[in-house]
Amino acid sequence: MNKPVVTRFAPSPTGYLHIGGGRTALFNWLYARGRGGKFLLRIEDTDRERSTPEATAAILKGLTWLGLDWDGEVVSQFDRKDRHAEVAHQMLARGTAYKCFSTQEEIAAFRAEAEARGSYALFQSPWRDADPATHPDAPYVIRMRAPREGETIIEDQVQGRVVIQNSALDDMICLRSDGTPTYMLAVVVDDHDMGVTHVIRGDDHLNNAARQQMVYAAMGWDIPVWAHIPLIHGPDGKKLSKRHGATGVEEYQAMGYPAAGMRNYLTRLGWAHGDAEIFSTEEAMKMFDLSGIGRAPARLDFKKLENTCGHHMAMAENAALLHEIEAYLVAAKRPALTQSQRALLQAGLYCVKDRAKTFPELLEKAQFALTSRPVQPDEASAKALDSVSRGILKSLTPRLQTASWTKDALEPILTDVAAENGIGFGKLAAPLRAALAGRSATPSVYDMMLVIGRDETIARLEDASA
RNA sequence: GGCCCGUUCGUCUAUCGGUUAGGACACCUGGUUUUCAACCAGGUAAGAGGGGUUCGACUCCCCUACGGGCUGCCA
């Protein structure tokens with residue numbers, strides 16, 4: 001009998017949603033959603049010094065943009081501190097933990113002394129086996145009574161079987177002297193209480209898993225399935241940092257990458273399923289598994305990200321695409337669309353979405369639908385509007401007056417005009433582009449004419465040839 | 001310092017002892033073309049280094065190098 005899958009994403013709210021965190025969340029989400037399971041969200045805010053509500057909001061916003069929805073309420077780890085303390089005391093009662101009265105100064109001194117000797121030693125609390133009768137009336141922490149011999153084995157779905165010598169692990173603190181829980185305790189208690197079956201997280205937690213597994217053992221709880229995934233690196237192979245540019249998910253939104261493309265790219269970054277490259281989110285849910293996750297850190301490749309996004313842009317449904325474009329404009333702090341821009345853009349999406357990879361690029365190519373008279377040609381397109389070309393445009397307008405406004409009717413008119421002037425179609429298309437869009441990279445001239453309509457087309461041609 | 005993880009084309013990866021080491025992005029060449037994007041045909045390009053095990057290693061083991069992580073009353 002298989003338990004239903006429950007995964008979780010558990011970021012600490014100390015900043016925006018990191019791109020690596022976004023991918024971790026995505027993996028958890030795909031794994032759960034692909035199996036009819038639950039995907040939970042927990043904010044690890046036990047460190048009151050560094051946790052901020054703004055960061056929590058930013059993380060939620062980032063996840064929402066990525067299209068990752070979570071089940072139930074967002075859990076605040078800090079809110080569960082009483083339960084963590086309860087478990088710590090249960091461990092005390094079971095004898096799997098003990099009170100330690102060593103002060104931070106004593107511990108620091110111990111470490112300094114070891115360092116001075118040029119060695120490194122784990123702190124061994126003198127209180128581990130002390131008689132309770134000798135306990136002072138002083139603040140204390142609750143430490144795990146970790147086994148000092150033997151080994152702890154992590155059966156990791158990504159990293160394989162990892163063996164850690166127990167002698168390398170100290171008696172970690174579970175409950176601080178102020179009564180608040182440490183991460184190492186809280187994460188286990190919460191995962192257990194929330195029914196998490198699969199812990200998919202960054203491999204910076206691989207070593208921690210051994211200590212956490214001791215807590216599971218101490219409480220007699222079932223150990224979840226572990227899957228420690230490699231971190232994402234920058235293009236230079238070093239750990240991803242601000243130096244590399246975009247590290248926050250929100251920055252990718254502001255750069256204009258569509259969320260579907262972002263999901264696809266991130267899914268393929270460190271995970272593969274045969275030759276599958278471009279796929280929908282639904283397909284990803286069906287294919288995604290732990291065995292396809294690679295063991296080496298992956299580097300971010302913006303070229304491939306763009307390519308992937310280009311495919312998704314072309315596949316996008318118009319109404320949804322328009323919504324996403326408007327959200328992008330807000331995120332990028334660009335002016336919103338006017339009513340008429342919105343209407344024309346919507347009508348023209350069909351001919352721009354398959355030639356753009358990002359929203360800025362799409363908007364640039366949709367300039368013909370966004371601009372208004374008089375159209376200001378940019379430097380490149382202005383070159384096409386020489387006096388000869390302007391004359392040709394002028395001769396064209398009367399013939400457009402009477403044409404029926406379809407591509408089939410327009411095509412012979414334009415090709416005839418080109419032929420009559422002894423020029424190739426390209427020589428006619430260039431000034432047309434300049435007149436209609438003020439740009440040299442645009443959709444087909446026919447598509448632009450059809451989208452903006454006869455009157456606007458003629459008016460723009462007259463403006464340009466005047 | 002100790003412990004743990006990793007290393008296939010420039011990049012993401014496939015391969016799970018026997019392949020001309022495959023695909024995708026990027027790049028180069030040619031084609032198509034109405035600019036851009038796309039598309040079609042083709043091309044360059046990889047098992048970190050060294051030892052083993054084996055009839056046979058990218059694949060299994062060991063060492064080295066390099067990269068990363070952990071080693072907190074941070075998460």
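Side chains included, hydrogens not; waters and symmetry mates left out as well; all remaining heavy atoms used. Chain letters run A, B, ... following the sequence lines, proteins first and then strands; every chain starts at 1.
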If you measure from the Lys or Arg side-chain nitrogens to the Asp or Glu carboxylate oxygens, is any gap between [X] and [Y] under 4.0 Å?
{"X": "A/Lys286", "Y": "A/Glu282", "value": "no"}
{"X": "A/Asp193", "Y": "A/Arg80", "value": "yes"}
{"X": "A/Asp191", "Y": "A/Arg42", "value": "yes"}
{"X": "A/Glu277", "Y": "A/Lys304", "value": "yes"}

Could you go over nucleotides 10-13 of chain B and give all protein N or O partners under 3.5 Å, atom names and distances?
from: B/C12; atom 1: OP1; to: A/Arg299; atom 2: N; distance (Å): 3.1
from: B/C12; atom 1: O2'; to: A/Arg268; atom 2: O; distance (Å): 2.9
from: B/C12; atom 1: O2; to: A/Arg268; atom 2: NH2; distance (Å): 3.2
from: B/C12; atom 1: O2; to: A/Lys304; atom 2: NZ; distance (Å): 3.4
from: B/U13; atom 1: OP1; to: A/Gly270; atom 2: N; distance (Å): 2.7

- request: Only pairs at least two apart or in different chains count here, so list each ring pair (Phe, Tyr, Trp, His ring centres under 6.0 Å) that has a residue in residues 40-60 of chain A.
  value: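 As it turns out, there is no ring pair (Phe, Tyr, Trp, His ring centres under 6.0 Å) pair with a partner in residues 40-60 of chain A once direct neighbours are skipped.
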Separation of atom [atom1] in [X] from atom [atom2] in [N], rounded to whole Å:
{"X": "A/Met184", "N": "B/A75", "atom1": "CE", "atom2": "C1'", "result": "8 Å"}
{"X": "A/Asp275", "N": "B/U15", "atom1": "CG", "atom2": "P", "result": "10 Å"}
{"X": "A/Glu306", "N": "B/C36", "atom1": "CD", "atom2": "C1'", "result": "14 Å"}
{"X": "A/Asp156", "N": "B/C70", "atom1": "CG", "atom2": "P", "result": "16 Å"}
{"X": "A/Ile293", "N": "B/G6", "atom1": "CD1", "atom2": "P", "result": "14 Å"}
{"X": "A/Ile154", "N": "B/C70", "atom1": "CD1", "atom2": "P", "result": "16 Å"}
{"X": "A/Asp203", "N": "B/C70", "atom1": "CG", "atom2": "P", "result": "9 Å"}
{"X": "A/Asp204", "N": "B/G6", "atom1": "CG", "atom2": "C1'", "result": "14 Å"}

Polar atom pairs between nucleotides 59-63 of chain B and protein, under 3.5 Å, N or O only, would you list them?
none

Looking at every strand, decide which applies to [X] at a 4.0 Å heavy-atom threshold: base, sugar-phosphate, or nothing.
{"X": "A/Pro230", "answer": "nothing"}
{"X": "A/Val445", "answer": "base"}
{"X": "A/Val163", "answer": "sugar-phosphate"}
{"X": "A/Arg295", "answer": "sugar-phosphate"}

Pair partner, B/G72 [Watson-Crick or wobble, under 3.5 Å]: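 When the pairing criteria are applied, nothing turns out to pair with B/G72, so the answer is none.
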Complementary nucleotide for B/C66 - Watson-Crick or wobble, under 3.5 Å: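 Answer to the pairing question: B/G6, which forms a Watson-Crick or G-U pair with B/C66.
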[X]: what forms a ring pair (Phe, Tyr, Trp, His ring centres under 6.0 Å) with it, not counting sequence neighbours?
{"X": "A/His205", "result": "A/Tyr183"}
{"X": "A/Phe101", "result": "A/Trp127, A/His135, A/Tyr140"}
{"X": "A/Phe359", "result": "A/Tyr328"}
{"X": "A/Phe9", "result": "none"}

Protein-nucleotides 38-43 of chain B N/O pairs under 3.5 Å:
from: B/A38; atom 1: OP1; to: A/Lys357; atom 2: NZ; distance (Å): 2.9

- request: Hey, which sits more toward the 5' end of RNA chain B by its nearest nucleotide, A/Val158 or A/Glu411?
  value: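 It is A/Val158 whose nearest nucleotide is closer to the 5' end.
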Residue met sooner reading RNA chain B from 5', once A/Leu305 and A/Glu44 are mapped to nucleotides: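 This one resolves to A/Leu305.
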Pick out the pairs of N or O atoms, protein on one side and nucleotides 27-30 of chain B on the other, that lie under 3.5 Å.
none

- prompt: Between A/Asp190 and A/His84, does any side-chain donor sit less than 3.5 Å from a side-chain acceptor?
  reply: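 Yes.
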Pairs flagged by salt bridge (Lys or Arg N to Asp or Glu O under 4.0 Å) wherever residues 416-433 of chain A is involved - sequence neighbours left out: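 Every pair satisfying salt bridge (Lys or Arg N to Asp or Glu O under 4.0 Å) with a residue in residues 416-433 of chain A: A/Arg399-A/Glu420.
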Using the 3.5 Å cut-off, write out each protein N or O paired with an N or O of nucleotides 72-74 of chain B and the distance between them.
from: B/G72; atom 1: OP1; to: A/Tyr120; atom 2: OH; distance (Å): 3.2
from: B/G72; atom 1: OP2; to: A/Arg111; atom 2: NH2; distance (Å): 3.1
from: B/C73; atom 1: O2; to: A/Ser177; atom 2: N; distance (Å): 3.1
from: B/C73; atom 1: O2; to: A/Ser177; atom 2: OG; distance (Å): 3.0
from: B/C73; atom 1: N3; to: A/Ser177; atom 2: OG; distance (Å): 3.0
from: B/C73; atom 1: N4; to: A/Ser102; atom 2: O; distance (Å): 3.3
from: B/C74; atom 1: OP2; to: A/Arg176; atom 2: NE; distance (Å): 2.1
from: B/C74; atom 1: OP2; to: A/Arg176; atom 2: NH2; distance (Å): 2.6
from: B/C74; atom 1: O3'; to: A/Arg176; atom 2: NH2; distance (Å): 3.1
from: B/C74; atom 1: O2'; to: A/Asp47; atom 2: OD2; distance (Å): 2.6
from: B/C74; atom 1: O2'; to: A/Arg50; atom 2: NH2; distance (Å): 3.1
from: B/C74; atom 1: O2; to: A/Arg50; atom 2: NH2; distance (Å): 2.9

- prompt: Hey, is the main chain of A/Gly248 close enough, under 3.5 Å, to the side chain of A/Glu251 for a donor-acceptor pair?
  reply: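 It does hold such a pair.
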message: For A/Asp171, run the side-chain hydrogen bond (donor to acceptor under 3.5 Å, both in side chains) check against A/Arg128, A/Arg143, A/Gln124, A/Arg211 and tell me which one passes.
response: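 Checked A/Arg128, A/Arg143, A/Gln124, A/Arg211 against A/Asp171; only one passes side-chain hydrogen bond (donor to acceptor under 3.5 Å, both in side chains): A/Arg128.
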message: Test of understanding: with side chain to side chain donor-acceptor pair (under 3.5 Å), list the residues that count as partners of A/Arg145, not counting sequence neighbours.
response: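 If we apply the side chain to side chain donor-acceptor pair (under 3.5 Å) test to A/Arg145, skipping adjacent residues, the hits are A/Asp129.
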